[in-house]
Each structure stands twice: as C-alpha cells, then as structure tokens.
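Computed from heavy atoms alone, side chains included, the values below leave out hydrogens, waters and symmetry copies. Just so it is clear: chains get the letters A, B, ... in the order the sequence lines come, proteins before strands, and each one is counted from 1.
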Amino acid sequence: MKSKYQEYIQLNLTQIAGDVLDAWEKDNTFERSITNREGKPTFVFYEGPPSANGMPGIHHVISRTLKDLVCRYKTMRGFQVKRKGGWDTHGLPVELGVEKLLGITKEDIGKKITVEEYNATCRREVLKFKDKWDELTQKMGYWVDLDHPYITFENNYIESLWWCLKELYKKGFLYESVSIQPYSPAAGTGLSSHELNQPGTYKDVKDTSVVAMFKATKNDRLKIENADENIFFLAWTTTPWTLPSNLGLTVGTNIDYVLIKTFNPYTHLPVNVILAKALINKYFKTENENGDFSSYDETAKLIPWKILKEFKGKELEGLTYEQLLPGEANTLEKIREITPGAQPFKVVTGDFVTTEDGTGIVHTAPAFGADDFKAGKKNNLGILTLVDKEGKFVDGVGEFSGRFVKNYKDDPNYTDVNVDISVKLKKENRAFKVEKYEHNYPHCWRTDKPIIYYPLDAWFIKTTAAKERMIELNNTINWKPASTGTGRFGNWLENMVDWNLSRSRFWGTPLPVWRTRDDTNHYSRLNQPKIDSIKIPSYEICIGSKQEFIECTREIENKSQIFNGFFVNIQKINNDSNLLKSILDKWQENYDFEKTDPYTYVYTKELYNLIESNQKITLENLVDANLKSHHLKEFLARITENDLENIDLHKPTIDNIIFSNHDGEILVRVPDLIDVWFDSGAMPYAQWHFPFENQEEFKKNFPADFIAEGVDQTRGWFYTLHVLAALLFDSVAYKTVVSNGLVLDKNGVKMSKRLGNIVDPFETLEIFGPDATRWYLITNASPWDSLKFDLEGIKEVQRKFFGTLYNTYQFFALYANVDGFTFKEKYIPVKERPEIDQWIISSLNSLIESVTKNLDDYEPTQAGRAIEYFLDEHLSNWYVRLSRRRFWKGEYENDKICAYQTLYECLQALSMLIAPIAPFFADWLFTNLNTVTKKLSQESVHHTDFPTTDSGLIDMELEERMQLAQDISSLILSLRKKVNLPGGQIGIKVRQPLQKVIIPAIDDSFAQKIKMVEDIIKSETNIKEVDILQANNNFIKKKAKANYKTLGKKLGAKMKWAAEKIQQLGDDDITRVLQGDFILNTDYEQKKESPIIITAEDIEVSTNEIPGFEVAVKGNLTVALDIILTENLKNEGFAREFINRIQTLRKEKNFDLTDKIVVNLVNDEVAMLPINEFNTYICAEILADKLEFVPKLVDGITIDVNNHSLTVTVTKKAK
RNA sequence: AGAUCCGUAGCUCAGCCUGGUUAGAGCACUACACUGAUAAUGUAGGGGUCACCAGUUCAAAUCUGGUCGGGUCUACCA
C-alpha cells in the first residue's frame, strides 16, 4: 500500500491513458468486469459490425464512445454486459475495392479471373485494416470482445443465416418474383439501391419529354356534343422510348379531369383533350379561354380553348384507347402470348398519380417502372419489354428496331431515338407538347450512362406480410431520439415494400435454394420475364443447414421426398468430355427430343457443340440438357458427414453441389447471393451459430437491451434486425436504440476523403488523449445532433474539465500528503461536518441523482454537462476556494479531517461518475486515491458500483442558500470593482478589507437565509459585517413589477396598462398589495368597469435603491457596499498586501509549504504601524517565527506594498 | 420527390416540450483584479432583427402554417 498520493508535475492525458491501458491489459480488467458480474442480471448489447476493409474515421469514435459508455455504465450498475465484437465482411464495398485492386470489372469475374481467386482476394482484403480497427478500439478505450468476434463470412455464420432463410422459406416469406429494378444497359447489370446512391449518380439532365395523345375509342360515357370524335387522353413522359411498350393510362380516383376543346398546336387540327383540371394552366393560357374558334388558323398565335366537361378520375376508369405506336412486336396477340388474357389499352386508377407534373394522366409501361408494373399487374394490362438488355429496341418496333434508347455505345453518330419518336407523334397528330425537360435522373456510377428501370428476377422477403406487427413492435422500442422511431423509421415501416434480397454478385452469402430446371427459367433467357410470382417449381428445396447437404427432406404434394446432395466434378467433366459425349449418345438413342421436348433438344445440341468445339462446359449446360444424376454418376460424389466440416459455403464451391430427387432430376442452386444487410440483421442468431450451438446463450441474449449506430443505419441495420426478429421470433430485436448523428468538419461539411477534411482518429487520440476526445464528443452535442468536429473544442475540454479535475486532485494530494491523510480516521458523519461540507455533499448527491437519471434515459450529454457544472461551479470554484485555508492552516484535527474526507468523497465519486465517459482518467483518479486509502476493495473503478444517491444528504434549502451566497458574493465583488474612491482610484482590491455590506431582505425567511451564509460572504469578499435590513424597515424603497403569468390570465388585453401602473406603485401601495387586496383601477366606477384586484402573487417586489449607497442588483437581490476606509481597515489592508508579497517571495525561493521563515524589515514609518499591529496575524499567515524591524539589512530585497517600497530579507529557518 | 434533424453572439451550445418581464453559458476578444490549485480563477465590457414570412395571443426564440438555407436517410419518379 502506498502511503502517499501520487503527485504529478503536469497533466498528460495521453500518458495517463497509455499507463491505464497497460494496467488493464496486465490485469485483464475488461474480462474481469464481466466475470465479476457472473450471475447478475444481464444487459444485452449488440455490436453493429463494421467493415474492416476501410480505415476507421473519427465518426466511428463517436458511436463507439456512445456504445461503450452505456455498457460501462450498466456494468457499474451491477449488470453483466457481454459485448461480442463483429466484422461485416461481405458485400459490394468489398467487391468494389477488390475490383479496383485487381484492375478488373464485374464482367471479368469468371473470365480473366476465376470466381475462386476473386473470392479468395475478397476474403483476404476484407480484414485488411482489422489491425488498425483493433488498435483504435483499444486506444479509444472501447471495451468489446475482440478475441471472439463474429465474422460474417465464416461457415458457422453463414449456416445460421441459412437456417433463418429456411425458416422464412417454410413460412412462405421467401419468394422469387420479377421486379422492376434499376438496370444499367451499358454495364449489362442490375444495380442495387446502394450503387444508385453513390455520390454523383443522380445528375441533372435535359431529356426530350413529350405529352402524347392517346385517342379514346368511342364510348357512350364520352358522348358529348361536338366532341364524339377526336377525344384524346394527354399523358406526359420524359422517356419517349417507353411509349411503344405502353399498355395503360393511370388516373387518380379523386383527381378532377376536364375535357377541353382546342387545336393541336403542331397540326392545327381541332382536338378534344382530357387532362387534370389542376394542370390546365400548364398548357393553356387563361386569356384564351373561350376564345374565337371560328377564326383560328395555323398562323394564329393564340390557341382558343374551352372546357366541355369535367370528370372525376373514377369516371374515366375502364375507358379504352387506341394503341399509340402499334407494330409487329406489340400486337394484342403478342401481348397475350406473353401474358395470357391480358386486357391492355385502358384507363386504370392508381394512388401514385399526382397533379404536380405532366397532365395528371400517367403513361403506363409495366416493364419500365415499378408503379407501372404494379398497376399493370393489378389491372391485367399485360407486359411488354420492347427494349432488350443492351438497351436497344427489339425487332418489330418499326423504324425504331435496333436503335439504342440512349447513347450506350458512345457512338459519335448517335441520334436520339426519343426525338424521332416525338417527331413521329407530332406528324401523326399524337403529340400535344414536345419540349426539353431538365430533371434529376440516376446514372450508372460505373459507366456514367443513364440507367433504365427494367424487369429482373429477384428473391424477396415478404416483409409486408408482417407490416402491422412490425409497426406494433416498433411502438414498444425506446428510440433516441424518439422522432427517429416515429418519423424516419415509423414512416418507413408504413410504406414498407418487400425486401429485395437477391444480388447478382460473387462475394456474399449464397441463397441456399436449389431447384430443378423449370421452363419459366427459360423464359427469362428468351428475354421475357416471368410474370407469375410466388410460383414454386415442382422441385425446389431450401437448405437450412450443412447437414441437409447429405439429405434434405421436403413435403411435396403430401409426400415426403428425399433429396441427396452430391459434389459435381466439373473439372473431370471438362477433362473427359469424351465420356460425357458417350453418355449423351447413349441417352439420345432412346428418345426423339426434337418432337417430345424441344427445350431439351435445343440444349442438348448446344452441349454437343460445346464438347466438339472444346469449350468450357458448365453445370448449367448439363442441367439445361436435362441430364439426370444417374447419367452423371461418373462425375458425382455423394456428400458425407466427413465432408461437412470442410465445405466452404461460398461461391464457387457451393455451386458445385447439386441435389437429386428420387427420379434423378438434378437441382442446382439459383445463382443469387443475398443482400449483406441480411448478414448483419441476422447477427443476433448467427453470432452464436444458433440454433446449431449455444441455444441457452442465445436465449439469454435476445433481444438486445441496447444498440446504437449512426442514423444512416435506420433503414439499414436497425431495419433488418427488426424485420428478422419480427418474422422469425415475433419479437423486437432491441429494446432501446440510439441513433447518433453525423460527424461534420468544423465548417459543417460532411467529412469525406474527396474533400480531404477527414480527421485522423489516431492522431486526435494521440494528441489529446482518448478521455478528452470522448468527453468532447459526448458533451458537445446530443448524440443524435450532427456534430461539428473541431479540435479546438477538445482542447477546451482538456483544459477546462480535465485540467480542473486534475488541479483539484493535485490540490488534495498536496495537502493530504503533508498531513498524512489516508482516510484512516473514523468516518465523520456528514451531518456533523461544517455546513460547507454538508453543502458540497448535498450537491454531489443531487449530481449523482441527475447523472443516474440522464444515463438511464440515454442522455449522456446531459449527464456529462451536469458533471462539468458541478466540478467547475461547485467543487472547484466554490468549495475548494472557500475551504483552501482549512487544508493548509491549523492543526490536523476535526475540521481539517472533515475537509479531507469531504473532498476525498467528492473526488472518488467523480472518478466513478465520469468512468463511463472518460474511462482512463477515471481509473487513474480512482486508483491514485484508492491505492492509498484502500477504501474500496476493487482495483479498478470499472469494477465498482456506480454511486447511488443518499437522499438524506440532500438539503435543497442549503443548496439554495449557498447559491444565494454565491450570488451575493459575486455582486459584492462587482461593486468593489466599480466604486470610485476620492483619490480618483477606481475599485477596491479584495485584499483591502471593508467594513460592511447592506442587504435588504424582502421577507423574514430571506433574511434568515442570508444570516446563515453570512460568514461565507464575509470571508469570500473580505468584509467585516453583513447588515441585513429587515423587511419592514423604512430605509429601503420597494419597487414592484407585474407578474405577467398570473395577471395575464386575469386581465388579458389590459395587461400592458396594468404593468405600467404597477411599475409606478409607491412604497405604501406595495405594502398594501402585500398585505391584502388592492384595486388597481381606482376609477373603475366612473368608467363603469369591473375593479382590477391584485394580490401579493400578482407582483414581484424588489429593492433597487438604498439612499446614500452604491448598489448592485441581480433579480430581486440587492446589495449595498459601505466603502468608507477607516485607518484600521487601511492598516489591515496594508498587512494583507504585505503577506501577499512575502508569500510570493516564499514561492520564488521554492520553500516548502511547511518551511518556517524569519523575516526582517528595514525600519519604515509607514509600514511600522500596520505591521506591528497585525504582527501575529502576519506571522501565522506566512509561517514566520519572527517578523522584526531592523535598522539596516545587507542583501535586502525591495518589495512594493501599496505603492510603498520596503526592504526585507526572508530566510528559511533551520529545521 | 418524401421523411427527418438543424438554423439563437465571431465559434460551440443552453433555453422551446409547459408562451411572460432585460434571451443565457463557455470559448475567443478587451480591460482590470486575484494568487501557496497558477498554462488555474474572478469582475466588467463589446458582440444577438433568436434564418425569413404570416397566423394564434394581452404577450412568441418558444405554439401553428408556410418559405428559405444546411445536413442526413429513402426513392420508382410519369
């Protein structure tokens, strides 16, 4: 045990952190903080996995500080808080990084580089910066288990994901469907929403837009005089290339439409058009309404128009129209070939229609828009995809066939087909307005070409099936801030769509669905999408575990079917193509595929071709050719138990696994991978390899009590966690979620590598230390507000908060070491200590209460600010300042011990209170204190219990009194500064004692309060007496002010008048108001008004005038200072000034605090009187044994006391 | 385009929920003081159209509606 408190020369936060970190590592402090709490209730925290293929930034420090502080706090509150780390390792960012590294594009994968090599690179690259992350984690003091993290690419992890998927599959929540997705014809690939949200993808472009005229077919409902013929629906589009694929027009049910008689501005033919009433102004000039039709010709500038009729959208529903751009490829027959029974070319209703743009009638091409697709499906419009995957028109679209809808090939001679379409429509009297339109349109970030929306096959999770339940569950979640939960997240849930799960990529969790060749698949290869959703082909299995590779059982048509798993040796097939050929030959002998099975025929022929031309054969080729497992037995190996351990569940290994059913039909895996968000959303289960292992562990750790991430995860991780918990376990995944805001640079701009305004977290931690950095991040702004990160702010925290705390400790250590205080004396009950001790302990307990409440509420900013306030305003600037003398004066007896015990308690409590936010400094402070006193058995502050409030020690009245003392002292000091002395001198130094201060009391209790703190005021301001003027004196003048709150309610409009009146009330009137009723409008009878009666509660009384004194006022507090300096006071002032000079000399000479000294002065008339008069006092202050005047001094030093020179010697007395 | 957060002193933020009197802190700046905690501290000063507009009200930084600016998320935009 040390007997002395460690003292330091200078505060070095970085060094403290380093030392403490070493100690933590040596003592396994983190591990023990968890094992210590074995058997205690658990507090469950989930770590959102970061991706380690990028460097950590300062913004990671904030969310991790937040997570860490909550976990540390809960640990100190007695919970066991396990924190498993994790790594997000799949996904696009990783793939893109690797592609950049290898200098390849997606198309090269499988060609220039094998999938195997590619994935191996991803696996290697993904944890590239793991060391850096681990370093950051440690240096910033983030306690998380780095030794047993979950890693999303590990087999066990993937297996759990598969279990989840199979559960969803069994419930019918996992389905395949065609959907309209962003697609880049230039790159030949679909794009994820993530890719679409890369910076710079949305660009303002000018496109040719056209308002097309769809001619209505004759119909009774449209039978209108003079308008039976030539009725057109106007519909606007910015993508004229979608017009040949048009199959419907969508109107809004409740939108008002009008039928207008006018002329086509291009052809000048009389037409009647239908559009939304709200949009008339867009196409017609008001002044031309009901213009002259008869004189109109093509030279006329003004086009007359008039409204013939109005409809609601509902009334238009079901009307039909003539196809706009008929061709061979889009005849009704063709449409019905693809979508049997389709009823296209009619008006339907949809809630997505607005009157913001266009005409209020939406041109609907189901293949090229998600809304269109939905509308098409709902109304049986059919589907037409007259543009192929390269982005050009297919055959049979007349003169447009073969033309690219945008310039995808960088053809210098490209002419815009959209313009040509518009021209054609103009000529045919089918265009009402053609113009360039500037809008924001997404582009493929890789090729910089505009994307199109295109139907693609995809797998979905049917989140919409549980929408209501998910909203219900969300309402039980504690969101910080609440608005994110109800707003951003709640809204998102309300507008939920099914989760598009599939990704056509290479590095990710494979979708574990195997199926037989089915003809619908061929559809898509023939460039037509499947329309039937949720259609399960006859043989399809979803694999939920590795075990099922050996054998998977599935109920099909009420029969249990067994599927066996095999490895396919593709290499052998390719090496031994003769063997394959002979198998094919033998099989073909017995069948005439050309007649019985045209698909098999086509694909068998293709397979022969491949063999003959010595090209690579894939598994797909074999399955297409309809080969069965018994045909291929030479190339297959049954999967056994022994294999299971080593199967890599990634591509391409997994794609070489097939299943066969009892007929030998082969099932191959569908090519998709799953969205990486599924990886992270399933971490509650997958991190434990649930349900294959750790079932108990899982139960104890689900759902989470708390998670926290950036607000950008709201629709990312927070959403996927929520979806999976709701669908799989009908539960929330987390009870509290804190979403923190962004970290911006000091100018409020988002940090990005591009702008070079990134703050390096390592450098920051190195320079300022982790504690100051964490404290700054937490207290500067609420976690959910975006934070303008400024290093100056950390500096301020360092100096102001940690500097002050360090100084306070240093002060304590200095004197405690002198006096040998080690808390060995009996504990003195707080109630028996001096009032100032009781006060600071009361404040401390109030602080504990507030910190606890705020941390329980996940409001760390408030907690931190409360601690700052306490330390600065209460402990340092008041308690220590006022108590200073108690520490260094007098004997080591009761009062001094009280002071030590009190300050010690405050420091110890502070070390605990700040422990969650500033873990290193807290432990440093705690250990410095505790190694000497051994008050607590724990070796680390993080193993202690968080302080609890002792409400018996809180004395609100005392705290109020002390506040009063502080305010009064502050007023007196300001008066001292202000007063003018006769000699022209401004201000009186605090060292110069003054006789008295006068404080008028509004009432008796106020007087009583001041009385109780008068000693403090006297010593703090160096004043001899405090004169309290009782309430009922005649000396002071009262002033009244209206209480707007109470009076406002009573008086309303008369308030202003009353306020002025009250302002003017004299002393007597005020007294009467205070004593009872008072009528403000004395002339109410004359004016026939009702009397305005005011009572004590309606006015606030203050005194701001004391005749003959200079006064200072703050609120209802007034002080007046007596500034007359008597000889006696002057002498004392002189003595104190002299003390100050000697003390400075002591310090300059580096004497110890306890050194006794001898002081000699050269005889001096001026100094003689005061110094002799206060000799004893001076000696006590400066620790002098002797203070004498002598005639002459050798080596004397000249000092200046109140503008008077003195020669002195100060010598240390031999011990 | 929708949702959401933000806009108060040169800077960082309180105050807004629950309307009320002269809108507060800290930093920075200036001056003066204090001093055995001293790279600390105190006092004073300058510095604000509380983004803008309208409304409700006796009274608006605060409540309501809108506009503008900034951030973020989401998006399928005809």
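- Looking only at atom types and distance, the side chain of W236(A) has a donor-acceptor partner in the side chain of S209(A) under 3.5 Å away.
- Ring-plane geometry between H363(A) and F214(A) is classed as parallel, the angle between the planes falling under 30 degrees on a 0 to 90 degree scale with a further cut at 60.
- Residue pairs meeting the salt bridge (Lys or Arg N to Asp or Glu O under 4.0 Å) criterion with at least one member in residues 859-868 of chain A, sequence neighbours excluded, are K480(A)-E859(A).
- Pairs passing the salt bridge (Lys or Arg N to Asp or Glu O under 4.0 Å) check and including a residue from residues 801-812 of chain A, sequence neighbours excluded, do not occur.
- Remark: N807(A), T808(A), F811(A) in residues 802-811 of chain A come within less than 4.0 Å of RNA chain B through at least one heavy atom.
- In this view, R884(A) satisfies the salt bridge (Lys or Arg N to Asp or Glu O under 4.0 Å) rule with no residue, not counting sequence neighbours.
- Considering only residues two or more places apart in sequence or on other chains, R1136(A) meets the salt bridge (Lys or Arg N to Asp or Glu O under 4.0 Å) condition with none of them.
- Residues passing the salt bridge (Lys or Arg N to Asp or Glu O under 4.0 Å) test with D371(A), sequence neighbours excluded: K374(A).
- In terms of phosphate contacts, N877(A) brings a side-chain nitrogen or oxygen within less than 4.0 Å of OP1 or OP2 of G42(B).
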Enumerate the protein-to-nucleotides 58-62 of chain B contacts in which both atoms are nitrogen or oxygen and the separation is below 3.5 Å.
unit_1	atom_1	unit_2	atom_2	d
C58(B)	O4'	G1052(A)	O	3.2
C58(B)	O4'	A1053(A)	N	3.2
C58(B)	N1	G1052(A)	O	3.2
C58(B)	N4	G1048(A)	O	3.4

Would you tabulate the pairs of protein nitrogen or oxygen atoms and nucleotide nitrogen or oxygen atoms of nucleotides 15-17 of chain B closer than 3.5 angstrom?
none

*Base-pairing string, 5' to 3', of RNA chain B - Watson-Crick or wobble, under 3.5 Å, | interstrand*: (((((((..((((......[...)))).(((((.......))))).....(((((..]....))))))))))))....

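- Looking at residues two or more places apart in sequence or on another chain, you find no salt bridge (Lys or Arg N to Asp or Glu O under 4.0 Å) involving K378(A).
- Considering only residues two or more places apart in sequence or on other chains, Y183(A) meets the ring pair (Phe, Tyr, Trp, His ring centres under 6.0 Å) condition with Y454(A).
- Between Y815(A) and A37(B) there is a side-chain N or O to OP1 or OP2 distance below 4.0 Å.
- Taking the ring pair (Phe, Tyr, Trp, His ring centres under 6.0 Å) definition, one finds that F870(A) meets it with nothing, sequence neighbours left out.
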